[in-house]
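Side chains included, hydrogens not; waters and symmetry mates left out as well; all remaining heavy atoms used. Please read all numbers here as calculations on a predicted model, not as lab measurements.
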Amino acid sequence: MKIAISATGNNTDSMVDPRFGRAAWLLIVDSSSGELTEAIDNSKGRGAAHGAGISAAALVADKGVEAVLTGRVGPKALPVLEKAGVRAVNDVSGSIKDALANFAGKTAEPGSQKASIPAESAAGPGQRKGCGCGQGGGQGMGRGQGQGRGQGQGRGQCRR
């Protein structure tokens, strides 16, 4: 199996880069042998104003990679990987060799292919984010001179 790993250097003695799209290097490794087959200098992605993750995802998909090991795949790069059938594994850290060993020892976990989102915007385990569906019954501070007469009679539409 071909695996792409975001790396700080161009060899397997390097550390995993926590960024996918802006990683210094993208290493393509054969998981069965642990052999480095290609080291891709990602200087173009590192310096991009935007779209670095999407470009990196397209690049590794074109290389026939089946999985990506990284600290974080962003929400725009994830659909590109999914469409190409590439499994994204987030929260990987340490050395490249350790990441490969840990990946080889794990089975596929449901939910491992998720884009990372900032903690301050994420709902915790077992929590649902609201969709903002309400009856709009508030009285408001206005003078009630508009068409709604300030009664808050609007009906929110929820598409769940």
Side-chain angles (χ1 to χ4, degrees), residues 1-134 155-160:
M1 168 189 271
K2 279 177 131 178
I3 299 174
I5 306 170
S6 60
T8 58
N10 64 353
N11 57 51
T12 56
D13 292 326
S14 304
M15 302 299 284
V16 174
D17 196 315
R19 306 157 300 176
F20 173 62
R22 298 190 187 281
W25 292 85
L26 296 169
L27 304 182
I28 310 293
V29 178
D30 180 351
S31 66
S32 59
S33 67
E35 181 182 329
L36 176 66
T37 59
E38 188 174 358
I40 303 166
D41 182 2
N42 193 32
S43 56
K44 183 177 177 183
R46 262 190 322 244
H50 53 80
I54 295 170
S55 296
L59 177 67
V60 298
D62 288 344
K63 298 288 183 179
V65 167
E66 296 176 58
V68 170
L69 306 182
T70 187
R72 178 181 185 273
V73 172
K76 293 180 182 176
L78 185 62
V80 175
L81 293 173
E82 287 176 336
K83 187 173 181 180
V86 178
R87 178 178 170 207
V89 181
N90 285 313
D91 301 322
V92 177
S93 60
S95 72
I96 301 298
K97 290 178 182 177
D98 289 344
L100 285 169
N102 289 335
F103 179 72
K106 288 185 179 179
T107 58
E109 299 172 21
S112 65
Q113 186 161 319
K114 292 182 181 175
S116 297
I117 53 177
E120 62 272 8
S121 67
Q127 296 178 4
R128 284 184 53 178
K129 286 187 175 184
C131 65
C133 301
R155 299 283 187 247
Q157 296 296 315
C158 182
R159 295 187 178 110
R160 291 186 191 181

Heavy-atom closest pair, residues Val86 and Val68: CG1-CG2, 3.7 Å

Main-chain N/O of Met15 paired with Thr8 side-chain donor or acceptor, under 3.5 Å: yes

Under a 4.0 Å N-O cut-off, is there an ion pair linking Lys97 with Asp13? yes

Hey, does the side chain of Ser55 reach the backbone of Ala52 with a donor-acceptor pair shorter than 3.5 angstrom? no

From Ile3 atom CD1 to Leu69 atom CG, the distance as rounded to the nearest 0.5 Å: 5.5 Å

How long is the straight-line distance from NZ of Lys2 back to CD of Glu66, given to the nearest 0.5 Å? 9.0 Å

Is there side-chain contact between Val89 and Thr70, with at least one heavy-atom pair below 4.5 Å? no

Minimum side-chain heavy-atom gap Val73-Leu81 below 4.5 Å: yes

Within this structure, what is the CG-CG distance for the pair Leu36 and Leu27, rounded to the nearest 0.5 Å? 5.5 Å

Over all heavy atoms of both residues, which pair between Ala56 and Gly21 is shortest? Give the atoms and the distance, please. CB-CA, 3.9 Å

For the residue pair Ile40 and Lys63, establish whether any side-chain heavy-atom pair is separated by less than 4.5 Å. yes

At their closest point, which heavy atom of Ala4 faces which heavy atom of Val65, and how far apart are they? N-CG1, 3.5 Å

Would you say Asp98's side chain and Ala101's backbone share a donor-acceptor pair under 3.5 angstrom? no

